[in-house]
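The structure under discussion appears below in the form of structure tokens.
Because the structure is a prediction, the values reported are computed rather than measured.
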Amino acid sequence: MSFPLLTATAALPALGAIATAAVPAGRRAAAKWLALLVSLGTLVLAAVVAVRFEPGGARYQLTESHAWIKDFGVRYELGVDGIAVALIALTAVLIPFIILAGWHDADPLETKSKRWRPTQGFFALILSVEAMVILSFEATDVFLFYILFEAMLIPMYFLIGGFGDRAHAGSDENAAAQRSYAAVKFLLYNLAGGLIMLAAVIGLYVVAGNFSLTEIAEARANGTLDMATNTERLLFLGFFFAFAVKAPLWPLHTWLPNAMGESTAPVAVLITAVVDKVGTFAMLRFCLGLFPEASEWATPVILALALISIVYGALLAVGQRDIKRLVAYASISHFGFIVMGIFAMTSQGQSGATLYMVNHGISTAALMLVAGFLISRRGSRLIADYGGVQKVAPVLAGTFLIGGLATLSLPGLAPFVSEFLVLVGTFARYPVVGIIATFGIVLAALYTLVLYQRTMTGPVKEEVRTLPDLRLRELVVITPLIALLIFLGVYPKPLTDIVNPAVEHTMSDVQKKDPQPEVEAAK
């Protein structure tokens, strides 16, 4: 029996979470270092998964399958394709930086409400989220995926509600109330989506007789499973609704600005750069893989929703006064691009959407974490409270600028490649949609450059004159992220080589081929 590499990759952070939570109360430093070492160990295992994965091999590799609930045909079934490998790598890369960036975010804090921040719990919750996200990317049993999809809400709820941002303009009681509101809203929205998905999961079992993604795909291919059109469409809507909430897609997005705004910067990165990717990943793996006809049927409406997300998110980002909420609305716009690429039904669009998931995760992490370092120094999230920072903290301002330029998809930085592919792939099949989506690029340049201008340039405000520049720990967090943005912007081939074969399988599922350009014959 071969070594269960996929199980080990998810089990290590899960066991690390338990061990971190068990560290005695007086050993906070030990808990931090343990969590960091576990996250680095997980990164090593994720690298082994990437090295052992063969892009030209079988669709699902490193597979594991064991009986779980025999009476209902539920199996512990794992396997990865190129899309899953890329997202597992993204998760494993970001978690150590999230832990380092939040090194002091959960240190004991006595407030008027006598609320203490247990350090061990903070880092244990982060590791538990990592374990469930990685396992969700690996799961090829629909029921197993659903359990993970729902279970990750629990640690995220406590991370948002229990470890909020210290830079809050209101009183301690008001801050706690807003933090609680954001956590409850996050939980209710995602639970609602999950309950609808549960009904669809049960319906799928009634129709197919099992939960195995591979077995259902084989049955559809050989004609032994033939879903009625209306049944397939209803099941698709149940799955898609849950994934659209998680993504988030307009109009199911309203929980995200509250959750990111009230969280610490590392937890905000965990939400939008890691957890939300489960939603868009699942659209590719489950919506298109299980319900190809329904996916094509719903494409016009989904593309319209994606366009609204792109423009609406960007417009609201332009008008934001809060730095973290600006990044949240920008992310809604970016997720619109990802969904548009998925449902453009072209290989360029879906490859671009997958790259967008990875590159958005890195660029948002870079921008939000630098913003978090800035906010922790000044004690305010309001853009108006800053000005002239580049004169007193040039390294902080420089890294903030690079993160912002990546957000607007500047050529030479990683997000440009993915956004370009999404737009090309969309334009090839839906030219009007592709043209309208380009307005999102213009708006992205507007909100990013205005944010930089108002916070970093101009006269130095009295309150920021003594702000220190980035410290060593903060440089260790930001420098590798900036390096990744530049490297993948100049040389994206390592990612595209892994992703493209998986996209070809997805295109085969929906029985789509890329449109051929119309070239006038030479006279």
Side-chain angles (χ1 to χ4, degrees), residues 94 97-107 109 163-170 175 179 257 259-273 317-331 362-408 413 444 447-482 485:
L94 289 182
F97 298 126
I98 288 172
I99 289 173
L100 269 177
W103 201 250
H104 299 297
D105 284 356
D107 287 348
L109 175 66
F163 301 90
D165 191 0
R166 297 184 184 187
H168 201 290
R179 188 166 52 249
M260 289 183 66
E262 299 305 322
S263 300
T264 64
V267 172
V269 171
L270 188 65
I271 295 169
T272 190
V318 171
Q320 286 303 305
R321 297 181 297 172
D322 184 308
I323 297 174
K324 291 168 71 176
R325 290 179 70 89
L326 185 151
V327 178
Y329 281 109
S331 291
I362 300 170
S363 62
T364 298
L367 181 61
M368 179 60 84
L369 292 179
V370 177
F373 298 149
L374 177 66
I375 291 167
S376 66
R377 285 159 165 74
R378 173 69 176 82
S380 173
R381 306 192 318 236
L382 298 179
I383 296 172
D385 289 340
Y386 296 89
V389 174
Q390 67 180 11
K391 295 177 183 177
V392 298
V395 178
L396 188 154
T399 53
F400 190 85
L401 177 62
I402 295 173
L405 292 176
T407 298
L408 64 82
L413 297 175
Y447 63 67
T448 300
L449 296 178
V450 168
L451 172 64
Y452 183 83
Q453 181 186 42
R454 292 179 178 176
T455 56
M456 301 295 162
T457 66
V460 180
K461 289 202 171 185
E462 191 63 34
E463 295 83 359
V464 304
R465 287 188 182 278
T466 58
L467 290 186
D469 214 333
L470 292 182
R471 304 178 179 92
L472 178 60
R473 173 179 59 86
E474 296 165 338
L475 285 171
V476 171
V477 171
I478 294 301
T479 303
L481 296 175
I482 298 297
L485 288 173

Considering all heavy atoms, the nearest P468-A393 contact: O-CB, 4.1 Å
Sequence neighbours excluded, the answer for salt bridge (charged side-chain N to carboxylate O under 4.0 Å, His left out) partners of R321 is none
For residues T364 and V269, determine if any side-chain heavy atom of one lies less than 4.5 Å from a side-chain heavy atom of the other. no
Would you find a donor on one side and an acceptor on the other, under 3.5 Å apart, between the side chain of R381 and the backbone of G261? yes
Going from CD1 on I323 to CE on M368, what distance comes out if it is rounded to the nearest 0.5 angstrom? 9.5 Å
Residue pair I478 / I482, side-chain heavy-atom distance below 4.5 Å: yes
Quick one: side-chain hydrogen bond (donor to acceptor under 3.5 Å, both in side chains) pairs with a partner in residues 448-458, sequence neighbours left out? Q390-Y452
From T399 OG1 over to L475 CG, what is the distance, rounded to the nearest 0.5 angstrom? 8.0 Å
Do you know which two heavy atoms are closest between A366 and L485, and how far apart they sit? CB-CD1, 4.2 Å
How close do V477 and A101 get, heavy atom to heavy atom, and via which atoms? CG2-N, 3.8 Å
What is the distance from atom CG of L382 to atom CD1 of I375, rounded to the nearest 0.5 Å? 9.0 Å
Closest non-hydrogen atom pair, A330 against A317: N-CB, 4.0 Å
Rounded distance (nearest 0.5 Å) linking atom CE of M260 with atom OG of S331: 5.0 Å
Can you tell me how far CG of L374 sits from CG of L369, rounded to the nearest 0.5 angstrom? 12.5 Å
Nearest 0.5 Å please: distance from the CD1 atom of I402 over to the OG atom of S363. 12.5 Å
Flag side-chain contact, heavy atom, 4.5 Å: V389 against F400: no
Any donor-acceptor pair under 3.5 Å linking the side chain of T272 with the backbone of A268? no
Go through the steps to decide whether H104 and R473 satisfy the test side chain to side chain contact (heavy atoms under 4.5 Å, CB included), and finish with yes or no. CA-CA 11 Å; H104 299 297; R473 173 179 59 86; 3.7 Å; yes
4.5 Å side-chain heavy-atom contact, T407 and Y447: yes
Flag, side chain of D469 to backbone of V395, donor-acceptor distance under 3.5 Å: yes
Would you say the side chain of V450 lies within less than 4.5 Å of the side chain of I383, judging by non-hydrogen atoms? no
Indicate yes or no for a side-chain donor-acceptor contact from R378 to the backbone of D385 under 3.5 Å, with no hydrogens or angles considered. yes
Check the pair F163 / D105 against side chain to side chain contact (heavy atoms under 4.5 Å, CB included), numbers first and verdict last. CA-CA 8 Å; F163 301 90; D105 284 356; over 6 Å; no
Beyond-backbone contact of L470 with F373, side-chain heavy atoms, under 4.5 angstrom: yes
Write down the atom of K391, the atom of G458, and the distance for their closest heavy-atom approach. NZ-O, 3.4 Å
So, do Y329 and P257 sit near enough that their side-chain heavy atoms are less than 4.5 Å apart? yes
Closest heavy-atom pair and its distance - G388, V460: O-CG2, 3.6 Å
With R377 via side-chain hydrogen bond (donor to acceptor under 3.5 Å, both in side chains) - residues at least two apart: E474
